[in-house]
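Below you'll find the structure, written out as structure tokens, and then a few comments.
Labels below follow one simple rule: chain letters A, B, ... track the order of the sequence lines, proteins then strands, and each chain is numbered from 1.
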Amino acid sequence: MSTRYRSASGGRIDRGRPVRFTFDGRPYIGCAGDTLASALIANGVWLTGRSFKYHRPRGVLSAGSDEPNALVAVRRDEARCTPNLRATQVELYDGLAAVSQNRYPSLAFDLGVANNLMARFIPAGFYYKTFMWPAKAWDRLYEPAIRRAAGLGDAPTAADPDHYANRFAHCEVLVIGAGPAGLAAAMAAAKGGERVILVDEQVEVGGSLLDEPADGGTTIDEISARDWISQSLARLAAYPRVTVITRATAFGYFAHNMIGVIERLTDHLAAPPAGAPRERLWQIRARDVVLATGAIERPLVFPDNDRPGVVLAGAARTYLNRYGALPGKRVVVATGCDSAYAAALDLHHAGVKIAAIADVRRVPAGPLIEAARRAGLPIRFGCMITGTTGRLRVTGARFLVITEDGRAGLGETVACDAVLMSGGYTPSVHLFSQSRGKLAWDPDLQTYLPGVSAENERSAGACAGRFDLAGVLRDGEAAGSASIGVEPSRTFSVHAMAANPRGVLGALTHDRGPRAKAFVDWQNDVTTNDLKLAVREGFQSIEHVKRYTTTGMATDQGKTSNLNALAVVASALGRPIPQVGLTTFRMPYTPVTFGVLAGLARGDLFEPVRTTPIHGWAVAHGAVFEDVGQWKRARYFPRGGEDMDAAVRRECLAVRAAAGIFDATTLGKIEVVGPDAAEFMNRMYINAWTKLGVGQCRYGVLCRDDGFVMDDGVVGRIAADRFHVTTTTGGAARVLSMMEDYLQTEWPDLDVWLTSTTEQWAVIAVQGPKAREILAGLVDGVDLSREALPHMSLTHGVVAGVPARLFRVSFTGELGFEINVPADRGAQVWEAVWAAGQAHGLTAYGTETMHVLRAEKGFIIVGQETDGTATPDDVGLGWAIGKTKRDFVGKRSLARPAMSDPARKQLVGLATVDPARILEEGAQIVAEPGGTTPLTVIGHVTSAYFSANWDRSIALAMVSGGRARMGETLYSPSSTGDVPVQVVSPVFYDQAGEGVHG
Amino acid sequence: MLLIACPYCGPRPELEFSHGGEAHIARPEAPADVGADDWGAYLYLRANARGLHAERWRHTHGCARFFNALRDTTTDKFLATYECGQPRPHLGEPS
């Protein structure tokens, strides 16, 4: 297959290395160094996609990341299929398979094009106006239909198999953009000897200089632009602290000079090395930033300006000079600025016929125009392009000459196979705007430029509105020098053709009638008519017009369209542009993969998993786990096909009949140490601690200063100046943080140290009437007797050969011990206890059984019975308050009258009238059955289980004035009707509390 | 991501810190003697400043210490960070 549109010579492609690729299944040949877009153009392929709304045929418009049209999917396999890539940025590799999007059944024959014929019926705001009634149709008809039509490209069907790297970097100067301004800035900054990072989104550095012809007239310091790029790179390479990163897009400007950069590592390779990261996220913190992001060429807005073959003039020049790809053999140039003449001249010299240059300006002048005139190119001044002909590719351009008195002259159609257009350049102020810098309207250039900086940042070159090469280089030198605090010293000798930087904005005059479609936003199919309609319908703010018409809201974020849209709206409103405002620029500058943002935080590494030393044993014994915060906790241990209910029933019965073993390692543990430890505990917890003897334990309750229960746990006094504080599993970090807060900021006078010891101790709970017998043979030097180690006491000793803190505590209501041993010995001690217990019927139980057993005893779980609005008294813990203490956290709030209102919700037990009926946790409680909504709710169920030991359902609930309602019958509304319940004591089992003292 | 200068460790990225609400709200020495309105104000009333704001930060994943900062809530600029117990510096306020 011939590449008919390849120039005879030139370009930065490697003509000796042909590259095979397919587009929509058809094979083509490009060259190494091509982009997909340049290779397709060299093959004469202009039809690359269908537009989003009208399914109009579309071709390549630009040559860079601003491309709105040529979105393709590149497919390697099921999982590696990336949609919506800009063909202008896809580097060609051997075997590349690209497909077009948004067409059915084929690109050349697309049924969706019916939308184009219906265009007059689907104007801006069509969705809002049309799918309003009947309401029933929304679910069944409208939404499914809209969803089918919506979206662009297809997501891959398998999980992303690639991995992505993440790197934090610091530098004194970060230069974004490696065109002439960026290179000059980097070289200037490098002189300081500090760290300089230069990033550029393209494959190679050079920016606009890459578009210069190899033998063109432009020289810097008496060498060609291309040689100057090489020389600059060599200079930078001589500085060991300078880093140059290409294929790296600075996509976001975050607070305090943090820049997010995506570096593409393997997408351009035919065979990516196994295990290599696909992309790398750089999070670069810079002292100073130089923005040298260049400018984006503006299309002209005229009817049918979206036909394949209508391309930006600067892009055509890029394709010719950089890639050796000819946009056509006979081209028309439509322009409102000087720079398009450079493209016309270069194409002319490459042998392309310039059929006409239509310049909308009446009397432009300048060296470029003079050069075109000398070259004999047919130039028409004051000439509007008013349309194009052709179907899947442009075949002609319509012109209309505007006479000197402003009247329209005769129209004319000129045959051509490409139309080059340029409305001038829009500075890329995206990153500046993201940095919260204030933009300023420049009336001379008719564009927004960086005004007041918000960060330590400088804009240089075209992004700051400077377009002459000598000025751009000076600008870069100045910005780079200023970044390291020195005066600019380097001068540049530049020979380049001067071009007037002014262009045109908004829609061109035409004679094509009111229905002609002149596109402003190619990607979202927004025309001048849509924008004018929005204004007619009352939208005045550009932000509203944007959302109503979706202009600038596509994946290209309106890079080519925003300023034209603004001009069209300003004109329709009859206001100057700066009064209409500007939409906000948001990150990312170009689309970013989810993969690189997720980085390593996916799959098993999405969130850290915490396991206890006993985890392996639990896995081996068939435990079913539940997540509690980041912990994996054994929920129950099913045997022989048991379901959860059966396993929990068996475990519950076993604990009360014999003994159970439970992994309590996840409990939060804080060691409170120091001369003022007791005083600190007195101030933090509601309980009194002064009189707690060494070796004794106490159930502690922690409130916030608003008086509501925050956490609880057993506290043991290890020594006069040392407390072993336990917290809830989920509350450990919160409690330590709160303790630190009070200690550091309110009571710095207290001499106390806080240390998290959660992970230092493995905690093995042995609970049940046989607990003492089981442990008796395992302890060394410990008297386990009721007298020596009564309930709520602790001792030190050796358990199964391991030094331990042994607590006599119970969360089940049975005789219980909690063995604390160093975490790395936990599994060993657990195994020893397990082995010793087998003769006594020791049963392993999980969190579900633990929940049931404690509920049988009416023990609360913070976060289940409490919800951040419960006082200690509300949940029956008023007894724990140290009444004689002058102060503790929460005490003043508990004295507020509302805190002792008898109508507050209080903890009660509920016994369903039907003993088999288990209430739903969270269900409401009402006083009267059969009420109509809204019901008067007086409480809610906090815990509900089937109690095997009582052989009936039990529940805990928070009920208004609950303790005064003992014996009353209340109701819990459910989907099957009101469930009658009787209010009972929350203590269902062993109300005398004798079990724990066994 | 903000760059926050811990008075003890120096500038560190925001992800090492946790925010601790408004600064210079001292817990009354003798809460029992504080009237209901004043106690309510201590618990719940905050300046919610637009502009300069003295606030607490904790270098949770560093030295773990609390400190105070003066930040402009409209620009996220830190004017100063200082140790707990120090008075609020007079910076950036209209004189």
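- Using a 4.5 Å cut-off between heavy atoms, A:Asn257 does not touch chain B at all.
- By the side chain to side chain contact (heavy atoms under 4.5 Å, CB included) test, A:Asp901 pairs with A:Ala903, A:Arg904, sequence neighbours left out.
- Interface summary for chain B: among A:Glu455, A:Arg285, A:Arg436, the most heavy-atom pairs under 4.5 angstrom belong to A:Arg285.
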- Trace of the side-chain contact (heavy atoms from CB on, under 4.5 Å) decision for A:Phe680 with A:Val673: CA-CA 10 Å; A:Phe680 177 73; A:Val673 185; over 6 Å; no
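- Only the side chain of B:Leu43 comes within contact range of chain A, judged by heavy atoms closer than 4.5 Å.
- Contacts between residues 54-61 of chain B and chain A, counted as heavy-atom pairs separated by less than 4.5 Å, involve B:Arg56, B:Arg58.
- Of the two parts of B:Pro13, the backbone and the side chain both hold a non-hydrogen atom closer than 4.5 Å to a non-hydrogen atom of chain A.
- Neither side chain, B:Tyr42 nor B:Asp37, offers a donor N or O lying under 3.5 Å from an acceptor on the other.
- Heavy atoms closer than 4.5 Å to chain B are found nowhere in A:Arg704, neither backbone nor side chain.
- A side-chain donor from one of B:Asp72 and B:Thr74 sits under 3.5 Å from a side-chain acceptor of the other.
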- Message: Show, in sequence, the C-alpha distance, side-chain angles and deciding distance for A:Thr871 and A:Leu894, and conclude whether the side-chain contact (heavy atoms from CB on, under 4.5 Å) test is met.
- Response: CA-CA 8 Å; A:Thr871 67; A:Leu894 291 175; 3.8 Å; yes
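- No hydrogens or angles considered: a donor-acceptor pair under 3.5 Å links the side chains of A:Asn166 and A:Gln283.
- The contact between B:Ala64 and chain A is made entirely by backbone atoms, counting heavy-atom distances below 4.5 Å.
- Looking at B:Ile25, only its backbone comes within 4.5 Å of chain A, counting heavy atoms on both sides.
- For A:Glu740, the parts lying near chain B are the backbone and the side chain together; criterion is any non-hydrogen pair under 4.5 Å.
- For A:Ala454, the part sitting under 4.5 Å from any heavy atom of chain B is the backbone (N, CA, C, O) and nothing else.
- Classification of B:Asp33 and A:Arg892 as a salt-bridged pair fails, no side-chain N sitting under 4.0 Å from a carboxylate O.
- When heavy atoms are compared at a cutoff of 4.5 Å, A:Tyr253 does not approach chain B at all.
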- Item | Steps toward side-chain contact (heavy atoms from CB on, under 4.5 Å) verdict (A:Trp753, A:Asp751) | CA-CA 7 Å; A:Trp753 294 87; A:Asp751 193 358; 4.0 Å; yes
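- Separation of the B:Tyr82 and B:His24 ring centroids falls under the 6.0 Å cut-off.
- The aromatic rings of A:Tyr685 and A:Trp689 sit perpendicular to each other, their planes meeting at more than 60°, with 30° as the lower class boundary.
- Both the backbone and the side chain of A:Asp706 have a heavy atom closer than 4.5 Å to some heavy atom of chain B.
- Ring pair B:His53/B:His19 is parallel by interplanar angle, where below 30° counts as parallel and above 60° as perpendicular.
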